[in-house]
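In the text below, chain A, chain B and the rest are named by the order of the sequence lines, each starting its count at 1.
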Amino acid sequence: MVDNPYLAHLPPSQRGAGPSYSSSSEKEPLFGFLPRKVKGEQVRKAMEHQLNPFTKLPHSAQYRKILEARRALPVYSQMDEFLEIFSKNQIIVMVGETGSGKTTQIPQFVTYSDLPHTKGKLVACTQPRRVAAMSVAQRVADEMDVQLGKQVGYSIRFEDMTEAGTTFLKYMTDGMLLREAMNDKELSRYSTIILDEAHERTLATDILMGLLKNLAKRRKDLKIIVMSATLDAVKFQKYFSLHDTAAGEETSPAPLFKVPGRTHPVEIFYTQEPEPDYVEAAIRTVLMIHRAEDPGDILLFLTGEEEIEDACRKIKLEADDLLNTDPSSVGPLMCVPLYSSLPPQQQQRIFDAAPKPSQEGYPPGRKVVVSTNIAETSLTIDGIVYVVDPGFSKQKVYNPRIRVESLLVSPISKASAQQRAGRAGRTRPGKCFRLYTEKDFISELEEQTHPEILRSNLANAVLELAKLGIKDLVRFDYLDAPAPETLMRALELLNYLAALDDEGELTALGGVMAEFPLDPQLAKMLIVSPEFKVSNEILTITAMLSIPNVWLRPPNQRAAADQAKAMLTVPEGDHLTMLNVFNNYSQNKHDRNWAWNNFLSARALAQAENVRAQLLRTMEKYDIDVISLEDEKKRNLGIRQALTCGFFMHVAHKEGEKGSYLTVKDNQVVALHPSCGLDSQPEWVLFNEFVLTKRPYIRTVTEVKPEWLLEYAPVYFDLASFPEGETKSALQRVANKRRGISNGGGEETRPKKKHKKEKN
DNA sequence: GAGCACTGC
């Protein structure tokens, strides 16, 4: 053994025990560690060692201070038990309630036992959210006394904070690991994979669970830990049960490792009768707490922006009234809205301190945060003592029959209600006021929120699975299998886009489509766009369609905002308007006020730029030319034609004169969304999305020519199998005209439709 | 003449 060069510059007193062969453990903190057979005793000794085993540098004072705090975590006292289970099993299910320390500690315990750095492997820990991956990685880097991005790092979209060959513990988003799996089906870089927050059941985590369950059979050296906060662990245990039928072993559930949480008790109150108007009841409850309860901040859960802003106004009004009437018995109240589309600066207001008493000796002030579900998982606010839970949230639902995802205000699940209540007990004992009866809680609320995989359009997920080499998507071993109709819809769409062939096999085109972090329609349109010599423009449009709405419309400046929008509008269609907005933004980027003056979200535009750059890199990787047409007329035409190649299933035909449209094949009656910039009502339009709000609308709309539909999507627009109706007659007329021009030649050369399931 | 629950690649 050679003296560690890193220590040469340190005085001997700090170099550890000095060169000695008598006791290797003095110089080598991991001396005697056998991978995956490590005992708690050994780990604790290594943690207390003078040298950091991974950097061979002396531990800092900061490290020792943090270690002290770590020892107090519930999970720390179960280290021996964990290491034993880890040694003996390939797959482990772990349950740790909030405050158990599982997210920071378990991956470290795993590292000490698995010793990934000795075999050139990594330990991965997935998170559903980017911020969590980043902040936990930073925390763990501090705990392990290493620099973030070296031994401990993170990987999220747009940001890879890892160093090849150095990083052995990596926090990452679940979606990122899924992406990696598409290019390395064995996930061979990893020795242990930890899926954290599995109870949230994101689409990516659900797919990863299916993949890992399979992968574990092929890669016996891969260990898997599924971590969850709620007690639906039995379901995970069953799913990951070990059964080796060849060996004739009995099926036994995956082992469970359980750690208690550490939170304060929260007293739950229910209403005696159901509340007919939950917003009104919520406001009443907040004011009741303000008048009658001890100091402490309030968190109220509502469903959306409008509801929240409205409630904030009303609460503020009433609270000011109370303060004016009786300043000696009621303190001032501050009401803060919280939802995701709020600019980050305004989101920060939730961390402001509650107001001071109106006069010395008078009651202290109180803060009320009125929030969407964002405060249920993504953001924690310290100092909350009271939670008001009306029992509703907006949830995504997918209707495969009409192929529409929409948001519906729906009752929350018991798990969700529990999570909300828990928000009151983070700093001290709290109270939770549920605006529904205990009977309804017990008998009406579902145990768990439906996993995302059951509530989503799966076109994207199915393409990913195909890319992952999953042959039989219908019989894939899902933790919860999606509705067959949802899968059929996805397969059908991918077949029409030529991403899957008629046998359901991934085509070469489909393989490239899957490489793009985009919906299949967008990916298809981008890949074919060089054929129309407009890929530079389609690239921009694709980026703009992948980001949130860029248009701002402050309530008191609506007219000015609409006027600014009109200045940027291109009459041929909203897609071209988006392109125009981005190009103007690019040209004016050095003018900080340009976006603001034009009522555009600078944040969203910067995001579009980021997405565009990422897509451009993927295009370059697959040699997809980025080209443009000089002539504006030809260019715009080419753009609209390229759009058609991706969105031919999103076409509507005008019916009658009242501006109503019928979607092609589905025959849904839809209207142009009021945000639409088309100055006329063209006969044929292509739309980016169908939204179901107060009425069915089509949003982001561009005029197309029916000839293009027949030419670029002959399979989908095969008239022989087209549903009867006005749309078909109109298409028939176009087809007849074309046939006349082309002397009856065209139809036979087009591919024939083989097997399609058309449901009415 | 409407909207944007929340994430993620």
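With sequence neighbours excluded, no residue forms a ring-ring contact (aromatic ring centres under 6.0 Å, His included) with Y190(A). Every ring-ring contact (aromatic ring centres under 6.0 Å, His included) that F441(A) has, sequence neighbours left out, goes to Y270(A).
Among the protein residues, S393(A) comes within range of no part of the nucleic acid, since none of its heavy atoms lies under 4.0 Å from any strand. Nucleic acid contact for S341(A): base, since at least one base atom lies under 4.0 Å from a heavy atom of the residue. Nucleic acid contact for L408(A): none, since no nucleic acid atom lies under 4.0 Å from a heavy atom of the residue. When heavy atoms are screened at a 4.0 angstrom cut-off, L407(A) is found touching base atoms of the nucleic acid. Residue E305(A) is classed as a base contact, given a heavy-atom separation below 4.0 Å to a base. Here N549(A) lies in heavy-atom contact (under 4.0 Å) with a base. Among the heavy atoms of the strands, none lies under 4.0 Å from R201(A). Heavy atoms of R129(A) sit under 4.0 angstrom from primed sugar atoms or phosphate atoms, though from no base atom. Within 4.0 Å (heavy atoms only), R695(A) reaches no atom of the nucleic acid at all.
The CD1-P distance, from I374(A) to dC4(B), rounds to 16 Å in whole Å. dG8(B) atom P lies 10 Å from atom CZ of R157(A), rounded to whole Å. Here dC4(B) presents its P atom at 12 Å from CG of L692(A), a figure rounded to the nearest Å. In this structure, CG of L552(A) is placed 12 Å from C1' of dC4(B), rounded to the nearest angstrom. Rounded to a whole Å, the CZ atom of F516(A) is 13 Å from the C1' atom of dC9(B). For the pair R130(A) CZ and dC6(B) P, the interatomic distance rounds to 16 Å; values are reported in whole Å. Atom CG of L672(A) and atom P of dG1(B) are 13 Å apart (whole Å). Put simply, NZ on K394(A) is 8 Å from P on dC4(B), counting in whole angstrom units.
With rounding to the nearest 0.5 Å, the separation of CD in Q448(A) from CZ in R201(A) is 8.5 Å.
In terms of modelled atom types and a separation under 3.5 Å, the side chain of Q614(A) and the main chain of F158(A) share no donor-acceptor contact.
Each of N460(A) and G304(A) lies near DNA chain B, and the nucleotide nearest G304(A) is the one positioned closer to the 5' end.
Cation-pi geometry between K565(A) and F599(A) is not satisfied (NZ or CZ under 6.0 Å from the ring centre, within 45° of the ring normal).
Within the structure, a side-chain polar atom (N or O) of T173(A) is placed less than 4.0 Å from OP1 or OP2 of dC9(B).
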